[in-house]
Every structure is written in structure tokens, then in C-alpha cells.
**Student:** 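One structure, pasted below without further comment.
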Amino acid sequence: MNTYAGSIGLFDSGIGGLTVVKTLKEILPNEKLIYIGDTANLPFGPKPRQRLQTLSYRLIGYLLGRGVKLIVVACNTSTPAIFPEVMTDFKVPIIGPVKAGAEEAYFRSGQKRIGVIATEGTVRSGIYQKSLLELDPEIKVISQAAPGLVEAVERGEVDSPATIRMLQQYLSVFIGKIDTLILGCTHYPFLKPAIESILSEEVLLIDPAIRLAQQVKELLVQRQALNNGTGNYEFWATDVNKLKSTFLQRASKELGILPLDFKQLDL
Ligand code: DGL
């Protein structure tokens with residue numbers, strides 16, 4: 001029996017995709033959201049493409065098996081490992097954050113000098129660079145991989161001295177060279193205040209989740225698949241012991257997605 005027909009499924013490696021849950025809940029308050037954090041396999045960033053493909057397909061397969069009507073890949077790193085294959089292979093729409101992030105940055109950047117900070121996997125794939133240059137081959141793109149930030153966020157160290165030092169090092173490549181920075185990992189919006197404290201206030205920070213949520217809404221409207229009932233949200237993790245519940249509680253409160261109630265999911 002599939003109990004999740006009519007729901008939207010989302011996944012990420014951990015708590016990063018909750019930043020996408022937040023924007024979806026704001027734009028689509030009547031939808032039922034099923035979120036999986038694959039914490040048993042966190043972090044995704046350093047993993048080879050083949051492994052990311054296996055993990056992502058497993059999560060997608062599970063959500064499809066539960067009958068969801070649409071899947072949001074709440075993870076940038078998974079996106080190049082599964083697109084474009086997934087779009088044609090499956091019966092429900094599957095949408096990720098990269099196209100939304102690239103478009104938002106392109107439309108809002110005045111000087112078309114755009115930075116991308118993301119995991120090793122995302123930067124190695126070149127997916128943001130490619131998406132931006134498809135929009136306009138004249139855009140200047142600077143990409144920076146940021147190993148360690150995802151783990152820092154998972155530990156709740158969003159403004160610790162060690163995290164600030166890492167950020168100072170990673171962001172130094174952008175100083176004086178960009179007017180717009182894409183937060184190319186769904187964990188990074190948790191670091192927004194720290195990033196803003198390092199970069200000049202003229203640099204516009206782009207969280208792809210905002211446009212992504214609008215695109216999800218458009219897809220549901222087109223397919224006449226909007227939910228009219230009461231919205232809710234469930235959070236499953238493949239290893240609940242890896243969730244640092246104190247930070248998660250604080251983060252969920254800040255994101256406005258309480259009550260926090262996560263369950264173990266054995267895939
Ligand atoms: N949140 C994921 C993303 O957007 C990255 C997670 C990870 O490296 O585990 O890329």
C-alpha cells in the first residue's frame with residue numbers, strides 16, 4: 001500500500017535540504033512533504049559520481065515506491081549524477097536546484113561576474129559553470145569547492161572560529177571579483193550570516209531554493225496536482241544517530257519548520 005500518494009518527496013545527504021523544505025513550505029503551505037536525509041552516507045561531496053548515482057537512484061526509487069507525485073532533489077551534489085537520465089526514466093517530475101540557482105544568479109547579477117561555492121563533487125562536475133554559460137557565454141564564473149563545510153553545518157558549527165577560518169580561506173578567491181555568489185550546496189544557507197560577515201555587502205547571495213520552490217509550484221499547477229488539504233512534513237534519516245538534535249531543533253525553529261520529529265529509515 002502506498003501511503004504517500006499526492007506527497008512531494010525530497011532528499012539530501014543530511015539536514016541541508018531542510019533549507020529547501022523551508023521555501024517549499026512557504027510557497028506551497030498545503031503540500032505534504034516527505035524528506036529523507038541519507039545521513040548514513042553523509043557527506044556526498046567527496047564521493048565519486050558512480051557512487052552518488054547509486055545513492056541518489058536508491059533514494060529516488062524509494063520515494064517513487066511510496067507513490068510521491070514529484071521529487072525535489074534537495075542536493076546540488078546529486079544533481080549532476082542523476083540528470084538528465086532521471087528526467088526521462090521516471091514517471092513523475094524530478095527537479096533539482098542547479099538550473100534554478102543559475103537562472104536566479106544570471107537574472108539578478110548586474111555585472112555578470114558570478115561566484116559558485118559548492119561541494120567538491122558539484123564543482124568537479126562543472127554543472128553550475130555549464131548552466132550559467134548556457135544562459136550567457138559572456139558570464140565570468142569563478143567556482144570554489146569547500147570541503148568540510150557540510151560536516152561543520154551538520155555539527156551545528158555555523159559560526160565557530162574553525163568554520164569562519166575555513167570560510168575566509170574559501171571565499172578569498174571571490175574578493176573583488178564577483179557581484180553575485182551562488183550558495184551551491186543546500187547546507188550553505190545555514191552559513192549565510194558568516195558568509196555575509198566576510199564578503200562585502202555588495203555581493204548578492206543566491207539561495208537556489210527560492211526559485212526552485214517557484215518552479216515546483218509551476219510544475220504542480222501545470223499538472224493540476226496541487227494539494228488543497230492540510231500540509232505537513234515528515235523527516236526520515238537513514239541514520240538518526242548522526243543527527244545532532246540540539247542544532248536540528250534550533251535550525252528547524254529558525255527555518256520555521258517545527259515540530260521536529262524524525263524517524264529512522266532503513267533502506
Ligand atoms: N547538501 C548537499 C548539496 O547541496 C551536499 C551534501 C554533502 O556533501 O553531503 O550539495
**Student:** Is R211 salt-bridged to E103, cutoff N-O under 4.0 Å?
**Tutor:** yes

**Student:** Kindly state each residue pair satisfying ring pair (Phe, Tyr, Trp, His ring centres under 6.0 Å) with at least one member in residues 103-135, sequence neighbours excluded.
**Tutor:** none

**Student:** Between E234 and N232, does any side-chain donor sit less than 3.5 Å from a side-chain acceptor?
**Tutor:** no

**Student:** Same cluster or not: are V158 and L205 linked, directly or through other Ile, Leu, Val, Met, Phe, Trp or Tyr residues, by side-chain heavy atoms under 4.5 angstrom apart?
**Tutor:** yes

**Student:** Is atom CD of E138 surrounded by more than 12 heavy atoms (other residues, nucleotides or ligands) closer than 6.0 Å?
**Tutor:**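 No.
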
**Student:** Can any side-chain N or O of S131 pair as donor or acceptor with the backbone N or O of A102 at less than 3.5 Å?
**Tutor:** no

**Student:** Hey, what do you get for CG (L220) to CG (N30), rounding to the nearest 0.5 Å?
**Tutor:** 11.5 Å

**Student:** R58 side chain to Q53 main-chain N or O, any donor-acceptor pair under 3.5 Å?
**Tutor:** no

**Student:** How long is the span from the CG atom in L258 to the CZ atom in R250, to the nearest 0.5 Å?
**Tutor:** 13.0 Å

**Student:** Is the backbone of V240 close enough, under 3.5 Å, to the side chain of Q264 for a donor and an acceptor to pair up by distance?
**Tutor:**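 Yes, the answer is positive, given that a donor and an acceptor are paired below the 3.5 Å cut-off.
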
**Student:** What's the shortest heavy-atom distance between G115 and F174, and which atoms?
**Tutor:**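 Taking G115 first and F174 second, the nearest heavy atoms are CA-CE2, 3.7 Å.
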
**Student:** In the structure I gave you, are the side-chain heavy atoms of D12 and H187 within less than 4.5 Å of one another anywhere?
**Tutor:** yes

**Student:** Does the Y170 side chain pair with the main chain of P147, one donor and one acceptor, at a distance under 3.5 Å?
**Tutor:**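 Present.
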
**Student:** For side chain to side chain contact (heavy atoms under 4.5 Å, CB included), just list the numbers for L24 and Y233, CA-CA rounded to whole Å, side-chain angles, deciding distance to a tenth of an Å, and then say yes or no.
**Tutor:** CA-CA 10 Å; L24 276 184; Y233 142 67; over 6 Å; no

**Student:** NZ of K192 to CG of D207: how many Å apart, nearest 0.5 Å?
**Tutor:** 7.0 Å

**Student:** Nearest 0.5 angstrom please: I34 CD1 to S7 OG, how far?
**Tutor:** 4.0 Å

**Student:** Got a donor-acceptor contact below 3.5 angstrom from the D38 side chain to the S13 backbone?
**Tutor:**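 Not a single qualifying donor-acceptor pair exists.
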
**Student:** Decide yes or no for P97 and V20: does some side-chain heavy atom of the first lie under 4.5 Å from some side-chain heavy atom of the second?
**Tutor:**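 P97 does not reach V20 side chain to side chain.
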
**Student:** Show, in sequence, the C-alpha distance, side-chain angles and deciding distance for F262 and L260, and conclude whether the side chain to side chain contact (heavy atoms under 4.5 Å, CB included) test is met.
**Tutor:** CA-CA 6 Å; F262 50 83; L260 174 62; 3.9 Å; yes

**Student:** Considering only heavy atoms from C-beta outward, does the side chain of I36 approach that of L10 to under 4.5 Å?
**Tutor:** no

**Student:** Treating T39 as the side-chain partner and D239 as the backbone partner, does any N or O pair qualify as donor plus acceptor under 3.5 Å?
**Tutor:** yes

**Student:** Does T238 use its side chain to pair, donor to acceptor, with the backbone of A40 at less than 3.5 Å?
**Tutor:** yes

**Student:** Do L70 and V92 make a side-chain contact, defined as non-hydrogen atoms from C-beta onward lying under 4.5 Å apart?
**Tutor:**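 L70 does not reach V92 side chain to side chain.
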
**Student:** Return the minimal non-hydrogen interatomic distance between L28 and A213, and the atom names on each side.
**Tutor:** CD1-O, 4.5 Å

**Student:** Same cluster or not: V116 versus V150, using hydrophobic residues (I, L, V, M, F, W, Y) connected whenever any side-chain heavy atoms lie under 4.5 Å apart?
**Tutor:** no

**Student:** Judged by atom type as modelled, is there a donor-acceptor pair below 3.5 Å linking the side chain of Y35 to the main-chain atoms of G17?
**Tutor:**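 Indeed, once roles are kept as given, a pair shorter than 3.5 Å links the two residues.
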
**Student:** To the nearest 0.5 Å, tell me how far K217 NZ sits from T23 OG1.
**Tutor:** 12.5 Å

**Student:** Test of understanding: with ring pair (Phe, Tyr, Trp, His ring centres under 6.0 Å), list the residues that count as partners of F247, not counting sequence neighbours.
**Tutor:** F190

**Student:** Under a single-linkage definition using a 4.5 Å side-chain heavy-atom cutoff for Ile, Leu, Val, Met, Phe, Trp and Tyr, are L191 and L18 assigned to the same hydrophobic cluster?
**Tutor:** yes

**Student:** When you look at T19 and T186, which way does the side-chain hydrogen bond (donor to acceptor under 3.5 Å, both in side chains) test go after all the steps?
**Tutor:** CA-CA 6 Å; T19 59; T186 54; 4.9 Å; no

**Student:** Under a 4.0 Å N-O cut-off, is there an ion pair linking K69 with E31?
**Tutor:**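 Here K69 pairs with E31 in a salt bridge, since their nearest N and O are under 4.0 Å apart.
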
**Student:** Do V98 and I71 share a hydrophobic cluster (ILVMFWY, side-chain heavy atoms under 4.5 Å, transitive)?
**Tutor:**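 No, because V98 and I71 fall into different hydrophobic clusters, even though each may have its own neighbours under 4.5 Å.
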
**Student:** Can you confirm whether the side chains of T122 and S125 place a donor and an acceptor under 3.5 Å from each other?
**Tutor:**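 Absent: no donor and acceptor within the cut-off.
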
**Student:** Given the rule that I, L, V, M, F, W and Y join up when any side-chain heavy atoms are under 4.5 Å apart, are V21 and F235 in one cluster?
**Tutor:** yes

**Student:** Verify, without hydrogens or angle tests, whether D179 (side chain) and S109 (backbone) share a donor-acceptor contact under 3.5 angstrom.
**Tutor:** no

**Student:** Between G16 and E154, which heavy-atom pair has the shortest distance, and what is it?
**Tutor:**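 Taking G16 first and E154 second, the nearest heavy atoms are N-OE2, 4.2 Å.
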
**Student:** A side-chain contact here means heavy atoms from C-beta on lying under 4.5 Å apart; do Y62 and W236 qualify?
**Tutor:** yes

**Student:** Indicate yes or no for a side-chain donor-acceptor contact from K25 to the backbone of I257 under 3.5 Å, with no hydrogens or angles considered.
**Tutor:** no

**Student:** Is it true that atom NZ of K47 has more than 12 heavy atoms of other residues, nucleotides or ligands lying nearer than 6.0 Å?
**Tutor:** yes

**Student:** For the pair E104 and I210, evaluate side chain to side chain contact (heavy atoms under 4.5 Å, CB included) and give the outcome as yes or no after the intermediate values.
**Tutor:** CA-CA 9 Å; E104 186 71 7; I210 296 160; 5.6 Å; no

**Student:** Taking the side chain as everything from C-beta on, heavy atoms only, tell me whether N227 gets closer than 4.5 Å to I8.
**Tutor:**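 A side-chain contact is absent here, since even the closest heavy-atom pair is not under 4.5 Å.
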
**Student:** Check I206, I178, L135, I182 against I114 for a side chain to side chain contact (heavy atoms under 4.5 Å, CB included) and give me the one that passes.
**Tutor:**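 When side chain to side chain contact (heavy atoms under 4.5 Å, CB included) is applied between I114 and each of I206, I178, L135, I182, only I182 qualifies.
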
**Student:** Does some side-chain heavy atom of L219 sit less than 4.5 Å from a side-chain heavy atom of V216?
**Tutor:**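 A side-chain contact is absent here, since even the closest heavy-atom pair is not under 4.5 Å.
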
**Student:** Hey, does V123 have a side-chain heavy atom less than 4.5 Å from the side chain of Q144?
**Tutor:**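 Counting from C-beta outward, Q144 and V123 never come under 4.5 Å.
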
**Student:** Rounded to the nearest 0.5 Å, what separates atom CG in L42 from atom NZ in K242?
**Tutor:**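 The NZ atom of K242 is 6.5 Å from CG of L42, to the nearest 0.5 Å.
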
**Student:** Check the pair Y188 / L181 against side chain to side chain contact (heavy atoms under 4.5 Å, CB included), numbers first and verdict last.
**Tutor:** CA-CA 11 Å; Y188 298 171; L181 178 65; over 6 Å; no

**Student:** At their closest point, which heavy atom of M166 faces which heavy atom of G148, and how far apart are they?
**Tutor:**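 Heavy atoms of M166 and G148 come nearest at CE-O, 3.8 Å.
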
